[in-house]
Amino acid sequence: MPLAARVIGRGAGLVIALLPIGLLAAFVSMAPVVERGWVLGEGRNWAPRIGLDLTLRLDGFSFLFCLLVTGICALVVIYAGGYLTGKPRQERTRFFTLILLFQTAMLGTVLAESLLVMLLFWEATSILSFLLVGFDSRSARARRAALMALQVTAFGGLMLLAAVLMIGHVLGSYSMAEAVRQAETIAASPLGTPIVACILIAAFTKSAQFPFHFWLPNAMQAPTPASAYLHSATMVKLGIYLLARFEPVFAATGWGRGVVVTVACLTMLVAALQALRAENFKSALAYSTIASLGILTLLVGLDGPAATVAMVGFLLAHALYKAALFFCAGVVLHATGQQNLRALGGLARVLPFTALACVGASLSMAGIPPFIGFISKEFLFEAQIESSWETAPLAIAVIVNAAMVGVAGVVTLRPFFLGGAKHRELRNGESLSLVAPPLLLAVAGLLISLDPDWITRVALRPAVAAVYGRAVDVDIAVWHGLTPMLMLSAVVIGIGALIVRYWRQIHIRLRGAERFDRLALEKLWERSLRGLMHGSRALTGWVQHGDLRRYLLVVVGGMAALIAWSVIAAGAVPRLPDAGTLRLAPALVALVGLGGAVAATRAQSLFTAMIATGLTGFSIALTFMLNGAPDLALTQFAVEALLVVLLTALLMAVPLASPATRTPAMRRSDAVVAGVMALMLVAGIVDMAAGPQGSAASAFYSEMSYLGGKGHNVVNVILVDFRAFDTLGETMVIAMAAVLARSLLMRRGRAAQEAAQPSVHFSFQAFGRVLSWTLLAASLVILWRGHDQPGGGFVGGLVAALSFALLSLAYGVERAERTLRAGPLTLVGIGMACTLASGLPGLIAGRPYLTHLWWEPVWFPKLGTTMIFDLGVYLVVLGAVLAFLFGLQREATK
């Protein structure tokens, strides 16, 4: 649907709003089910082996959130259609896309029954919030605010991840309903304290509770429609949703409620003071939102049914009036380009409908009857009076609500009715899409309090029952008689009126208090992040020092220490094999390999070391051959030959002899570590030789090779059938290495390429082409026969790479590339496509991915999708090796 914004233009918001309106209508149609207290569920198996299923659960509490999410989203989309009129169509499309994705993430979070699924959607809201806050990517302030919001909420997401994993460990289930039912079990477990702590941190970060509250005012850099939706009506209430769902869990601890109430009171006080200090329209609303979130957190922490009723009622009231106020702030900014409250005045004459909506929303925020905000505040005071807590939370609530009355009066009177006509000419006037959403929300706040029957039956009572665990009477009425709650409301309104009257003096006094700026937590957060970055750089410099020999020393020394410790701790003594008959040929091959290894360590030049290392490698290949492993031997021969070719190309670019970089003391320490590691390996090999040589795995694969994989070459069948996923992953690693090699060893200019023509012996040039084509033909034979005879895609690709390596060494890279007809990365891409596509036929046939299918006609050799897989490996290996080789040869010309 966001694509409609590109086509329709100005009216796109009205069309796109049909989606959330349709969803709202669908949820309303489920009201009869929810009203009865039933739970509606839909489930799909996802990954049952790890307890992951896609189950959505609609009860009274999630139903209330769904109504708010879809209803306000519809108004936000309509409003954004007018607010973003001057933006390019591409930006409008991006905004609508992000808003609809955010609606999806919100619905997924509140409907998810599986904690793992809820976690996925929870994180999606953080990412989408980051994108919306930083919507104006050209603004440095928007980028900073977006990063801050993401850092804080992502930290909370990590805490929630830890809590979910621990709950799964304790209960053996990731069901939210099961976690609530077994709250006592969770609290009593050894992981109970960290689970509750992680849940509280996750909720506090999401709902901007102290000390994580600072990210929300900075997030006001988002476009106003996003602020009204994310940071007032929906996303910031996810923390409240999490706390309410897990209230039985933290209530089962001896300290959970105390922490929640304490944090809520601190948040309310800090936010109220900052709201009185705020200079901008949206900033004042942001801090008042934090105070309201503190009130909601306080209500979750209080005990008793009245607290749950108050929490649900205040959640609804706040969403209605605060979204409307943000809409009004956006209209003012859109019309005047100004947010500073002291610079605004007399706008009611030019923005009459906006002023009317702002008055209605502010009266509800101030708790003036007959608006729903008045009823919600009476619920709040009733909950505090009936709870088991002392009077401190009640006193704080009175002070904070009075400050909110003052803020409501200031954000309405100063921009619209005081200060004279400061803005006679407006950038943009009122339009239907800009004024209809706030007016509808303001009217809704009035009508619900006057006729609350439907919303009480289908939303409020079921929501309270879902949170509290049993049915609770919810009586929404403007007049309950002369009650203590009414008296407290009168006190709040009176103090709030005094704040409005003396707002200028209070504001200037608080703005002049430098202590607020000096102790700002956002600065502490940023200093902590900078300290973390500096520490990371220092640690990286110490660990990643760039000395390859020191890296190897740590790795080899650590391995030797771990092996020695495990042997000593187990008290194991190496077994000695029986002395058998000396096999002369393997012994001679082993001695040749040992001689090559010793020569490599004593070599003074790289060329000598290369020859000696190659000698050792060929000796290992002969050892494989003599012990009945032709596949390994063939692969080892190809690897050693290619290694010689690649090292030859490398030696053209580096000096043959290198200066000594190790002191005699370093060499002695290297010798000690190498000697200890060698002794450990010798002891291990001797012990292995004394043990039984057969294994159940080898017997199984030998028996099942043809039955399960239609092949007689057990090694190849294991690689492409039984463990095809492993091979696919390794092939991807090779492909990634090829891409990295190509990026590091970029093409040089044509002059350098022409200068790179090799100078080799004439016999090599005379016979190189014949030998190359012979090797290429051999590689295709090895590829074709690999499923039944020694060979396969990997070794075939190595032999093919050796073929083109000979061409490049004899005639130059350009000649080899012309013969190849395709770039190395093209071969890698085609190869990866083949390996990935080879598993699709089996999937289409209803079998697991990478299950290979075979066709065995009488008149033709058997054919199977395995051959496509092997061909892909062949091409990836060929392309990867040539990417390295051609790059090194070009590098040699520098």
Side-chain angles (χ1 to χ4, degrees), residues 34 38-66 69 101-102 104-128 153-207 235 237-253 256 260 300 463 465-469:
V34 177
W38 297 347
V39 176
L40 187 63
E42 291 281 348
R44 297 289 184 275
N45 286 332
W46 188 352
R49 290 189 179 182
I50 61 171
L52 181 59
D53 55 75
L54 186 59
T55 303
L56 303 181
R57 181 175 182 272
L58 183 70
D59 63 4
F61 196 44
S62 56
F63 179 74
L64 175 61
F65 266 90
C66 289
V69 168
L101 287 174
F102 185 83
T104 305
M106 282 294 305
L107 291 175
T109 305
V110 299
L111 289 172
E113 157 64 12
S114 169
L115 293 175
L116 293 173
V117 177
M118 184 195 74
L119 181 67
L120 292 175
F121 286 114
W122 177 284
E123 290 295 82
T125 61
S126 297
I127 295 170
L128 291 165
T153 55
F155 169 68
L158 289 175
M159 294 299 101
L160 182 59
L161 170 62
V164 168
L165 294 179
M166 288 188 285
I167 289 173
H169 179 73
V170 171
L171 300 181
S173 169
Y174 292 106
S175 167
M176 180 182 292
E178 189 68 19
V180 174
R181 274 195 299 269
Q182 300 196 41
E184 297 286 347
T185 303
I186 294 174
S189 70
L191 296 176
T193 297
I195 287 174
V196 172
C198 289
I199 290 174
L200 294 182
I201 293 174
F204 293 161
T205 55
K206 202 72 162 184
S207 288
M235 188 191 88
K237 291 191 173 67
L238 281 184
I240 308 302
Y241 175 83
L242 186 69
L243 286 176
R245 286 297 193 193
F246 283 94
E247 187 268 343
V249 177
F250 69 76
T253 66
V260 172
V300 175
V467 174
Y468 192 67

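Every value quoted in this text rests on a predicted model; they were computed, and no experiment measured them.
Side-chain contact between Leu161 and Leu119 is present, with at least one heavy-atom pair separated by less than 4.5 Å. Tyr241 places none of its side-chain heavy atoms less than 4.5 Å from the side chain of Lys206. Residues Val39 and Arg57 form a side-chain contact, since some pair of their non-hydrogen atoms from C-beta on lies under 4.5 Å apart. With contacts defined as side-chain heavy-atom distances shorter than 4.5 Å, the pair Val170/Gln182 does not qualify. Within the 4.5 Å cutoff, no side-chain heavy atoms of Trp122 are placed close to those of Val164. Here the side chains of Ser62 and Leu111 are in contact, with some heavy-atom distance below 4.5 Å. Taking 4.5 Å as the limit, every side-chain heavy atom of Leu160 sits out of range of all side-chain heavy atoms of Ile201.
When each of Val260, Ile195, Thr205 is tested with Leu200 by the rule side-chain contact (heavy atoms from CB on, under 4.5 Å), just one qualifies, namely Val260.
From Cys66, atom SG reaches atom CZ of Phe61 across 11.0 Å, with rounding to the nearest 0.5 Å. Atom-to-atom distance recorded for Phe121:CZ and Ser114:OG is 10.5 Å, nearest 0.5 angstrom. With values rounded to the nearest 0.5 angstrom, Leu158 atom CG is found 6.5 Å from Glu123 atom CD. Distance CZ/Arg245 to CE/Met176: 6.0 Å, rounded to 0.5 Å.
The two atoms that bring Met106 and Met235 nearest to each other are SD-CA, 3.9 Å, heavy atoms only. Summarising the geometry of Ala244 relative to Val467, their closest heavy-atom pair is O-CG1, 4.0 Å, with the distance given to 0.1 Å. Of all non-hydrogen atoms in Ala202 and Leu242, the two that sit nearest each other are CB-CD2, 4.1 Å. Scanning both residues, Thr125 and Ala105, for their nearest heavy atoms gives CG2-CB, 3.6 Å. Across all non-hydrogen atoms, the minimal contact from Pro248 to Val180 is CG-CG1, 3.9 Å. The shortest heavy-atom contact between Ile199 and Phe246 is CD1-CD2, 3.8 Å.
Between the side chain of Ser207 and the backbone N or O of Ile240, at least one donor-acceptor pair lies under 3.5 Å.
Residues meeting the ring pair (Phe, Tyr, Trp, His ring centres under 6.0 Å) test with Tyr174, sequence neighbours left out: none. Evaluation of the side chain to side chain contact (heavy atoms under 4.5 Å, CB included) rule for Val34 yields Leu58, Phe63, Pro462 as partners, not counting sequence neighbours.
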Exercise for the section: Report the C-alpha distance between Ile186 and Leu171 in whole Å, list the side-chain angles of each, state the deciding distance to 0.1 Å, and finish with yes or no for side-chain contact (heavy atoms from CB on, under 4.5 Å). Expected result: CA-CA 8 Å; Ile186 294 174; Leu171 300 181; 3.8 Å; yes
Practice task
Evaluate the criterion side-chain contact (heavy atoms from CB on, under 4.5 Å) for residue pair Leu116 and Asp53; output intermediate values, then yes/no.
Solution key: CA-CA 9 Å; Leu116 293 173; Asp53 55 75; over 6 Å; no
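The stretch residues 167-180 participates, sequence neighbours left out, in these salt bridge (charged side-chain N to carboxylate O under 4.0 Å, His left out) pairs: Glu178-Arg181.
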